[in-house]
J.: 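Can you read through this structure? Questions will come right after.
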Amino acid sequence: MDKGFLIRILAVYALVLTLGAGFSAKIYHDSRTLYGETVSLVEQGLPVLGSLSALRASVVAQEPILYEYYATTDSARFRMRWQSNRQRIAEHGAKVRQDFSGHPRLAVIDVHDKYIDALSFDLDQTLSSAPVDWDQARALLEESSRHALVINANLDTLAEDVHARVNRKANLAQAQVDAINRTVLFYSGSMLLLALIAGYFLNIYLAGARERRRLALFAERNPNPVLNLSRAGEILYANPATHSTLAALTSGASPLVALLPAQTPARLAELIDTGMNTAQWAYVALGREYEATVHYLKDFDRFNAYLMDVTARKEAERRMEYQAYHDPLTDLPNRRRFVEDIGMAVASGEMGAVALLSIDRLRGIVDGVGHAVADRLLQGVAQRLLQTLTDSANLCPNARLYRFEGAVFGLLLPCLDSEQAPERITREIARGFQAPVQVNGQAFFLGVSIGASLYPSDDGVAVNLISHADRALQQVKHRGVGGYQAYDRALSVQASERLELENDLRHALERHQLFLVYQPQVDLASTRIVGAEALLRWQHPSRGIISPDQFIPLAEESGLIVLIGAWVLETACAQAQAWREAGLPPITMAVNLSARQFTSQDLAHDIAQVLTQTGLPPQALELEVTERMSMDDVAHSIQILRAMKDLGVCISMDDFGTGYSSLAYLRRLPIDKLKVDQSFVRNLENDPGDATLVRAMVELGHSLNLTVIAEGVETMGQLEFLRGTGCEEVQGYFFSRPVDSLVFAGMLNAAAGENPWLHSSHR
Ligand code: C2E
Ligand code: MG
Ligand code: MG
């Protein structure tokens with residue numbers, strides 16, 4: 001029991017006992033007093049009154065005896081009666097005297113009594129003598145009556161005294177009874193108050209006791225093992241859950257200590273040494289994972305150990321961590337792990353590389369075979385990459401592969417001995433992909449592009465290293481042939497400039513910074529302008545005029561080319577139609593198509609729409625495509641080209657000779673014109689090889705019934721050579737640089753009158 005509470009309870013007991021004793025003493029005293037009063041009242045007051053009354057009766061009785069004697073003069077009878085009455089008077093008188101000893105009235109009564117007795121003697125003398133003196137006898141009788149009256153009056157006074165005394169005592173007794181009543185009432189009230197106070201505290205104590213009991217049951221009812229241990233690791237108490245846990249794990253074959261970690265006494269000693277009260281233990285026992293909270297109870301020199309089987313939770317945590325750090329498709333560690341591992345690798349202070357590895361053309365494959373196969377393919381790629389890394393473990397034994405995103409994998413190459421190591425590993429990887437990856441019996445030939453950055457030389461922060469590797473990867477992709485590129489700060493600067501330019505380009509169209517210039521295409525036989533090539537220019541607000549070679553690739557990459565290309569087509573067609581409507585000689589308008597425009601499903605539809613809108617006849621429009629665009633997927637290209645041809649427009653193969661297209665391939669394409677690339681024209685006067693090539697290209701074109709046009713003609717010599725090959729048309733600075741629409745209209749106008757090139761001012 002709680003000590004404080006015990007003291008309080010004892011204090012209440014003591015108070016109750018003291019109060020009880022006090023009140024009892026008081027009540028005893030009061031009742032004794034009352035008893036005394038009542039006893040004196042009953043034992044003294046009442047007998048005294050009786051004695052007085054008896055005395056009075058005896059005194060009064062004398063008179064009839066005397067008168068009877070006077071009447072009868074029977075002396076003998078008189079004397080007998082008188083004596084017996086006198087005896088009664090003496091008896092009662094003695095009692096009264098006892099009660100009222102020393103009372104003055106007694107003396108008076110005694111005097112008068114004596115008179116009466118003396119008078120009776122005289123009367124007896126008088127009545128016994130003869131003759132009888134009747135007058136004296138009567139006088140004696142009267143005298144005696146007077147004395148009797150006096151005695152009676154005095155006896156009445158005494159009786160009144162007694163009455164007064166009795167009343168006083170009765171009042172006193174009543175007061176005592178009232179006092180006792182008050183005391184009892186006060187005592188009862190105090191007891192009630194004390195009972196209430198004691199009840200209140202008792203209630204608090206009982207609630208506390210209930211709580212303590214509940215807590216005491218905590219260990220017993222705890223579903224987890226709870227143990228009380230000595231310093232030596234001896235089990236002094238084990239709750240029922242300890243036994244049931246052990247029984248479930250070992251069918252009761254092992255002792256309870258099997259649930260505790262090895263070296264429990266040492267661990268307990270360690271806990272004491274730390275000076276702390278609590279320790280947390282994590283350990284494995286009986287094949288399960290446990291966490292124990294151990295409390296040192298200093299005052300008892302004992303330990304309470306609360307055991308918790310955390311096997312399921314730990315497994316769930318491991319599963320969750322695995323999921324958080326792994327890619328579910330390939331089961332490779334994911335991007336998050338990549339970043340964290342790079343951080344740790346950099347922190348190790350060793351040299352290493354971070355690489356991003358992109359599977360080329362996977363996007364196209366996904367479009368073709370669907371996601372399910374593509375997923376299997378990615379799994380196959382992951383396996384192939386892991387295999388390659390295992391095979392080339394001599395180059396970097398700790399190389400780790402990650403799935404970064406989509407078709408991009410991450411590669412961490414720690415502890416490299418040289419800057420060339422990543423490139424060597426890359427070569428191994430590329431070699432690994434020479435054999436196709438098989439999915440569902442289908443063979444996929446894949447290429448890889450890899451960009452890498454080195455730590456600590458390129459950067460020391462994981463995300464920066466990844467971003468550098470990505471820049472390098474973009475460089476590789478930009479080259480379009482796969483392979484490897486290490487991060488180079490200069491490339492990075494270039495890349496950020498490109499980014500800036502790309503941003504500017506986004507607004508170029510709406511801000512009317514783009515415009516077209518036109519370069520004439522001249523028929524060699526007549527030297528008349530038969531066509532114009534629309535060439536795009538960008539008037540950049542701060543950089544001046546930017547050539548399409550610089551920004552068309554940007555527009556391609558960002559997708560802006562779709563909008564820009566549509567604008568070019570529409571503007572060029574509208575311009576050509578305007579010239580026609582102005583009555584200028586009809587010419588063909590050549591418009592360059594970009595790779596992305598070319599692969600668009602809506603191309604033919606868009607062209608038809610522009611033609612309708614502008615009113616330009618289809619045969620007045622020529623679309624330039626390059627070998628490279630059409631070579632990727634020949635069947636598809638043929639389909640697109642045919643759709644365009646069906647509209648009635650002309651198609652010319654731009655930059656011909658740079659794409660190594662085969663004759664067999666060329667033959668299948670529905671085209672009208674070959675445009676010999678200016679790189680061949682440039683040197684044909686000095687380089688016999690180029691001259692031969694140009695001649696062969698012209699012949700090839702003719703053999704396929706195609707018109708041949710040569711671009712980049714700058715000199716009369718080149719012009720003459722081309723004329724000699726039978727080339728039909730030429731385009732180049734020799735005739736004119738690309739010019740704006742007004743100048744071009746001027747040239748057309750002049751050409752309508754005479755041959756402008758005989759005295760051209762546009763060279
Ligand atoms: P391209 O289609 O082969 O255009 C011919 C390029 O050669 C033009 O350069 C033209 O100015 C230049 N050129 C013409 N004659 C001579 C000459 O005698 N000597 C020299 N050295 N160069 C000459 P430009 O305008 O800079 O265009 C470069 C490329 O940009 C074009 O090559 C074309 O592939 C692309 N391009 C231009 N405009 C557009 C366009 O509107 N859309 C698309 N998709 N591409 C365009
Ligand atoms: Mg062109
Ligand atoms: Mg060209």
Side-chain angles (χ1 to χ4, degrees), residues 509 512 514-523 526 528-537 548 552 555 561-594 596-598 600-626 629-630 640-654 669-675 706-707 709 711 728-731 735-736 738-752 756:
L509 201 58
H512 308 291
L514 297 182
F515 63 97
L516 291 180
V517 287
Y518 304 91
Q519 188 174 31
Q521 299 177 330
V522 177
D523 176 57
S526 63
R528 285 189 188 280
I529 300 175
V530 288
E533 182 176 7
L535 295 161
L536 188 57
R537 295 291 178 267
I552 292 288
I561 196 71
V562 176
L563 279 179
I564 295 174
W567 178 82
V568 169
L569 186 68
E570 195 182 326
T571 311
C573 289
Q575 183 60 71
Q577 181 60 15
W579 285 331
R580 277 172 173 263
E581 284 170 7
L584 294 169
I587 54 160
T588 311
M589 178 61 83
V591 175
N592 294 283
L593 286 184
S594 77
R596 202 183 272 240
Q597 274 176 295
F598 186 67
S600 157
Q601 295 289 333
D602 305 327
L603 182 60
H605 172 262
D606 292 348
I607 295 167
Q609 203 168 18
V610 169
L611 289 173
T612 316
Q613 264 170 21
T614 56
L616 187 72
Q619 60 278 7
L621 178 64
E622 187 175 288
L623 295 168
E624 297 191 5
V625 296
T626 65
M629 284 181 208
S630 50
I640 292 172
L641 291 173
R642 209 173 288 287
M644 291 198 286
K645 285 285 296 171
D646 289 347
L647 293 174
V649 299
C650 298
I651 293 168
S652 102
M653 176 67 78
D654 201 358
L669 295 181
I671 52 175
D672 306 281
K673 221 183 220 183
L674 276 191
K675 203 164 179 187
L706 303 174
T707 308
I709 177 170
E711 64 181 351
E728 285 90 352
E729 293 172 14
V730 284
Q731 176 183 343
F735 296 107
S736 169
V739 293
D740 67 35
S741 57
L742 272 178
V743 177
F744 195 92
M747 290 195 287
L748 266 186
N749 208 11

J.: With distance as the sole test, does Gln519 use its side chain to make a donor-acceptor pair with the main-chain N or O of Ser736 at under 3.5 Å?
T.: yes
J.: What distance do Leu669 atom CG and Leu641 atom CG have between them, rounded to the nearest 0.5 Å?
T.: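 Between atom CG of Leu669 and atom CG of Leu641 there are 6.0 Å.
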J.: Do Gln575 and Leu516 have side-chain heavy atoms sitting under 4.5 Å apart?
T.: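 Not in contact.
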J.: What I'd like to find out is whether the side chain of Pro738 reaches to under 4.5 Å of the side chain of Arg537, using heavy atoms alone.
T.: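 Result yes, sub-4.5 Å side-chain heavy-atom pair found.
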J.: Would you indicate whether the side-chain heavy atoms of Val730 and Phe735 approach each other to under 4.5 Å?
T.: yes
J.: Do Asn749 and Leu584 come close enough that some side-chain heavy atom pair is under 4.5 Å?
T.: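 Of all side-chain heavy-atom pairs linking Leu584 with Asn749, at least one is under 4.5 Å.
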J.: How long is the span from the CD atom in Glu624 to the CD1 atom in Ile709, to the nearest 0.5 Å?
T.: 7.5 Å
J.: Under a 4.5 Å cut-off applied to non-hydrogen side-chain atoms, are Leu563 and Trp567 in contact?
T.: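 The answer is no; the side chains never approach within 4.5 Å.
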J.: Is Pro585 close to Ile529 at the side-chain level, that is, under 4.5 Å between some pair of heavy atoms?
T.: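 The answer is no, as the side chains (C-beta and beyond) never meet within the 4.5 Å cut-off.
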J.: Check the pair Leu621, Leu647 against side chain to side chain contact (heavy atoms under 4.5 Å, CB included), reporting the backbone distance first and the verdict last.
T.: CA-CA 10 Å; Leu621 178 64; Leu647 293 174; over 6 Å; no
J.: For Glu581 and Gln577, does a side-chain donor sit closer than 3.5 Å to a side-chain acceptor?
T.: yes
J.: Do Ile640 and Phe598 pass the side chain to side chain contact (heavy atoms under 4.5 Å, CB included) test, and can you show the C-alpha distance, the side-chain angles, and the key distance before you say yes or no?
T.: CA-CA 8 Å; Ile640 292 172; Phe598 186 67; 3.9 Å; yes
J.: Mind checking whether Tyr518 and Trp579 have parallel, tilted or perpendicular rings, split at 30° and 60°?
T.: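 Tyr518 vs Trp579 ring planes: perpendicular.
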J.: In Å and rounded to the nearest 0.5 Å, what is the CE to CG distance from Met644 to Leu593?
T.: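 It comes to 5.5 Å.
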J.: Test your reading of the model: is there a side-chain donor-acceptor pair from Asp672 to the backbone of Ile651, 3.5 Å cut-off?
T.: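 Looks like yes, one N/O pair under 3.5 Å.
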J.: Would you compute the distance between atom CG of Leu536 and atom CG of Asn592 and round it to the nearest 0.5 angstrom?
T.: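 It comes to 9.5 Å.
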J.: Under a 4.0 Å threshold between the charged nitrogen and the carboxylate oxygen, would Glu533 count as salt-bridged to Lys675?
T.: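 Counted as a salt bridge, because a side-chain N and a carboxylate O are separated by less than 4.0 Å.
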J.: Would you say the side chains of Gln521 and Gln731 form a donor-acceptor pair under 3.5 Å?
T.: yes
J.: Atom CG of Leu623 and atom OG1 of Thr588: how far apart are they, to the nearest 0.5 Å?
T.: 11.5 Å
J.: Please tell me if the side chains of Val649 and Leu611 come closer than 4.5 Å, counting only heavy atoms from C-beta onward.
T.: yes
J.: Roughly how far, to the nearest 0.5 Å, is the CD1 atom of Ile587 from the CZ atom of Arg528?
T.: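 If I round to the nearest 0.5 Å, the distance is 13.5 Å.
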